[in-house]
Amino acid sequence: MTKEIRLLIALGTFFILLIVALMWAGNEYNSSNPRKSPLYLAMSSFQENEGVWEPHPTLVFQEDSAEDIFLQGMDLWATGDYKGAKLLFGKCLTLSIDDPALPVYAYCYLNDCILQLEGNGSKEAVSNALMFMAKYPPAANNTTLIWRLVKTLISEPNNFSQGVAVLENYLDIARHLELHTNAWIMNTIAMLEYNSGEYAKSIRLFYDVEILLENQPQTPEIQYELLFAREYIANTQFFLEDYESASHLYQKLVYDIPKDGSFNHYNCYLNLAAAYLELGKINEARTAIEELYHYLPRVNSQDKKEVVASIQDIWANISLAEGNLEQAQIHLQEIDSFYQENDDSLFVNGKLGTLMTKGKYLVAKKQYTEAQTLLETILHDHQDLQLDIKRDFLEILVEVYQNTNQKDKLLSAYEQLLHLNSEFIQTVQRAYLEFSQYYRENTQLKRYNAQLKQNNVIAILGIVIISCSLIIILVLLKLLSTKNLTDQLTGVYNRKKLNQLNRIYRRKGTPELFSVVMLDIDYFKLYNDTYGHLAGDTTLKQVAQMLATSVRNNDYVIRYGGEEFLVLLNKVSEPVAQAVCQRIHQQLEKMALPHRASKVSDHVTVSVGMCHQQTKAANSLDKLIQQADQCLYQSKEDGRNRTTTWEWETEQAQ
């Protein structure tokens with residue numbers, strides 16, 4: 001064999017190996033079934049468990065490599081050194097990268113550092129993270145990570161368009177999306193479009209989800225997204241006062257939605273009963289509520305009281321429709337007992353709805369002075385009421401003015417109603433034109449033309465129904481709360497986040513080294529009486545912010561109700577949990593928020609109850625909360641402004 005031939009063989013072998021290596025490297029980003037990288041597996045496990053950051057011992061990279069610097073950044077991030085972590089995440093992105101998942105998580109946590117330092121996420125960092133997710137198939141369908149990134153851009157309503165932009169771009173560039181992921185992104189964009197006032201875009205996206213999924217194999221994920229879109233369509237029909245169509249769709253949904261005690265299931269029953277009431281079908285409304293009672297045992301115990309309060313509101317309206325004012329009063333008293341102790345949690349505007357029922361009751365009793373005071377106060381205190389709710393309150397108030405011959409106020413109320421109705425009509429007309437134009441030119445419908453031909457009777461009928469019903473305006477604030485886990489006043493998590501965690505812990509068991517801290521602002525009612533409710537709201541925000549900065553990223557601060565907060569501490573020993581409680585007292589001491597009406601201090605203080613468990617799944621979350629609540633009660637009994645810890649020996653001895 002000559003020297004030249006050996007050289008050719010060597011060069012050929014080199015190029016073959018080079019091509020194979022390049023194909024393998026490309027496979028990491030573009031294959032439909034790529035190898036999941038070590039970093040991806042480690043980060044996915046960390047984010048799924050939401051535990052303390054501890055990289056797996058096998059996750060070892062060359063010193064000072066991009067991957068090694070990223071892990072150093074994660075160590076700083078876990079300690080709350082966001083400035084230092086930001087520098088390291090930025091540095092690792094400038095180096096040669098071997099692990100294909102690194103850009104995804106480096107941009108994700110770089111964005112998290114920017115959020116912590118500046119209060120808002122970075123559109124550039126989010127866009128880059130999503131770009132690399134789109135290129136790396138194992139991460140492309142991680143909707144939890146997508147939402148974590150996008151929600152950092154939409155802290156204010158006028159920023160929703162940024163969330164829409166990055167999600168629409170993701171749909172364009174991602175080539176490995178599963179069907180349910182595609183539908184989830186479309187549903188999410190639709191909700192953000194609504195909050196931006198783009199009603200036509202919102203409804204057409206929900207309808208596109210229905211077209212996309214209705215003839216697909218019904219996996220749990222696909223079924224959820226399909227039912228989610230249909231429920232929004234039903235609520236739109238209700239809002240547009242097409243109660244007949246809404247009732248038919250709600251009736252179908254209550255049988256299609258899984259009977260697992262979920263929010264969607266009992267919310268559809270309540271809306272079905274409300275639609276029947278609007279149609280004057282009293283017996284059907286009663287039947288719907290009676291059916292809902294069968295599913296109440298499946299409802300989370302923390303949600304059940306509010307669901308029952310909503311049921312009582314429907315019963316009160318049924319009694320009013322039947323002229324049974326005595327029975328209506330009984331139901332309203334039951335509702336009052338709930339809302340005196342709780343704010344809205346599950347049902348946005350739930351409390352306002354019950355006040356509207358009370359207004360109807362007072363008018364029916366001819367107690368016009370009380371009705372007028374109630375209705376005028378609501379309209380004055382809630383300037384940003386949704387269009388349909390404001391119209392309903394005004395219509396009741398018009399009846400009061402008519403019956404009491406208040407001509408000047410009656411004229412003013414009529415003018416307001418006229419303005420609202422004009423605004424409604426203009427919005428409908430504008431959105432309807434956009435909606436019609438969309439369905440004349442939409443290429444997505446053309447792509448599904450064959451499917452529509454096979455089912456043309458159902459599809460055409462569906463389009464006709466939607467067009468005739470002018471399904472344009474989406475008043476979705478009520479259902480947006482199913483995905484909005486943040487308390488609007490304080491910015492910390494709300495009860496829906498607690499419900500979500502409870503579902504996870506019921507399935508996986510509560511973690512080991514886990515503490516539940518419950519605290520209550522001392523003499524808060526006296527604070528409101530002294531300084532006013534606006535000052536009380538400001539203090540709630542300040543206390544919530546203090547709590548959020550006193551714990552780690554993997555802990556949870558939840559507004560439990562009113563002036564009561566819940567803190568869930570993960571992966572902590574009991575002494576550390578007690579130290580956190582002590583730090584909360586110390587921070588309040590430093591803040592020195594004045595409270596001259598307090599009986600224990602001249603500044604705002606809290607009473608705290610804490611319960612800690614060592615072993616995994618030893619107790620349910622409900623049990624731990626109950627024990628922390630008992631300790632909170634004991635702290636109040638012992639003089640307030642203190643922490644009481646649950647003693648397991650005491651319980652066992654009993």
Side-chain angles (χ1 to χ4, degrees), residues 24-50 97 99-112 121 125-154 163-193 205-206 208-229 258 444 447-448 482-483 485 500 503-504 507-508:
W24 177 84
N27 222 26
E28 288 297 304
Y29 281 93
N30 300 309
S31 167
S32 60
N33 187 26
R35 179 178 65 85
K36 294 181 179 179
S37 75
L39 185 60
Y40 176 79
L41 293 171
M43 295 302 296
S44 297
S45 176
F46 164 60
Q47 291 186 320
E48 180 181 351
N49 296 327
E50 299 184 2
I97 295 172
D99 193 298
L102 186 141
V104 174
Y105 291 107
Y107 276 115
C108 176
Y109 283 91
L110 174 63
N111 180 67
D112 190 74
V126 170
S127 298
N128 285 331
L130 291 174
M131 177 184 69
F132 283 102
M133 287 179 70
K135 292 180 179 180
Y136 184 48
N141 293 283
N142 189 334
T143 55
T144 301
L145 185 56
I146 294 171
W147 180 242
R148 172 178 178 163
L149 288 161
V150 172
K151 72 179 182 180
T152 66
L153 302 178
I154 57 174
V164 169
V166 296
L167 285 173
E168 286 181 337
N169 184 63
Y170 190 70
L171 278 178
D172 289 339
I173 65 176
R175 295 292 177 265
H176 305 285
L177 292 184
E178 297 171 1
L179 187 61
H180 72 87
T181 306
N182 198 70
W184 177 87
I185 294 174
M186 291 168 67
N187 274 335
T188 304
I189 293 173
M191 291 190 299
L192 296 178
E193 289 283 27
L205 276 169
F206 281 124
D208 281 349
V209 171
E210 185 176 47
I211 293 173
L212 181 67
L213 300 181
E214 61 183 348
N215 292 320
Q216 298 296 332
Q218 294 298 292
T219 64
E221 296 86 357
I222 288 177
Q223 184 186 40
Y224 177 84
E225 298 301 335
L226 177 58
L227 294 175
F228 186 77
Q444 182 168 349
R447 290 199 298 269
Y448 294 103
T482 62
K483 286 195 172 183
L485 304 177
Q500 181 190 78
R503 287 192 293 272
I504 294 172
R507 186 172 67 253
K508 296 184 176 181

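Nearest heavy-atom pair across E214 and L226 is CA-CD2, 4.1 Å. The two residues A183 and V209 come nearest to each other via the heavy atoms O-CG2, 4.0 Å. Contact detail for A129 and L149: the closest heavy-atom pair is CB-CD1, 3.8 Å. For L192 against G163, the heavy-atom pair with the smallest separation is CD1-C, 3.9 Å. The minimum heavy-atom distance linking S37 with A101 is given by the pair OG-CB, 3.4 Å. For the residue pair I173 and A134, the shortest heavy atom distance occurs at CG1-CB, 3.8 Å.
In this structure, R148 satisfies the cation-pi test against Y109, with its NZ or CZ atom closer than 6.0 Å to the six-membered ring centre and inside 45 degrees of the ring normal.
Looking at Q218, its side chain does come within 3.5 Å of a backbone N or O of L213 through a donor-acceptor pair. Checking side-chain atoms of N187 against main-chain N and O of E225 turns up a donor-acceptor pair under 3.5 Å. Under the 3.5 Å distance criterion, the side-chain polar atoms of Y40 are left unmatched by any main-chain donor or acceptor of Y105. Side chain of D99 to backbone of L39: a donor-acceptor contact under 3.5 angstrom is found.
With rounding to the nearest 0.5 Å, the separation of CG in L171 from CG in L167 is 7.0 Å. From C108, atom SG reaches atom CG of N128 across 12.5 Å, with rounding to the nearest 0.5 Å. Atom-to-atom distance recorded for L179:CG and L212:CG is 5.0 Å, nearest 0.5 angstrom. Between atom CD of residue E193 and atom CG of residue L205 there is a gap of 6.5 Å, rounded to the nearest 0.5 Å. The distance from the CD1 atom of I222 to the CD atom of E178 is 9.0 Å, given to the nearest 0.5 Å. Between atom OH of residue Y170 and atom CE of residue M131 there is a gap of 12.0 Å, rounded to the nearest 0.5 Å.
In this structure, the side chains of I185 and L177 come closer than 4.5 Å at one or more pairs of heavy atoms. Between W184 and F228 the shortest side-chain heavy-atom distance does not fall below 4.5 Å.
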task = Start with the C-alpha gap between S127 and N169, add the side-chain angles, then the distance that decides, and say whether side-chain contact (heavy atoms from CB on, under 4.5 Å) holds.
result = CA-CA 9 Å; S127 298; N169 184 63; 5.7 Å; no
query = So N142 and V104, side-chain contact (heavy atoms from CB on, under 4.5 Å) or not? Walk me through it.
reply = CA-CA 11 Å; N142 189 334; V104 174; over 6 Å; no
key: side-chain contact (heavy atoms from CB on, under 4.5 Å) between M186 and N182, intermediate numbers included   = CA-CA 6 Å; M186 291 168 67; N182 198 70; 3.5 Å; yes
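Between the side chains of T152 and N111, a donor-acceptor pair is found at a separation under 3.5 Å.
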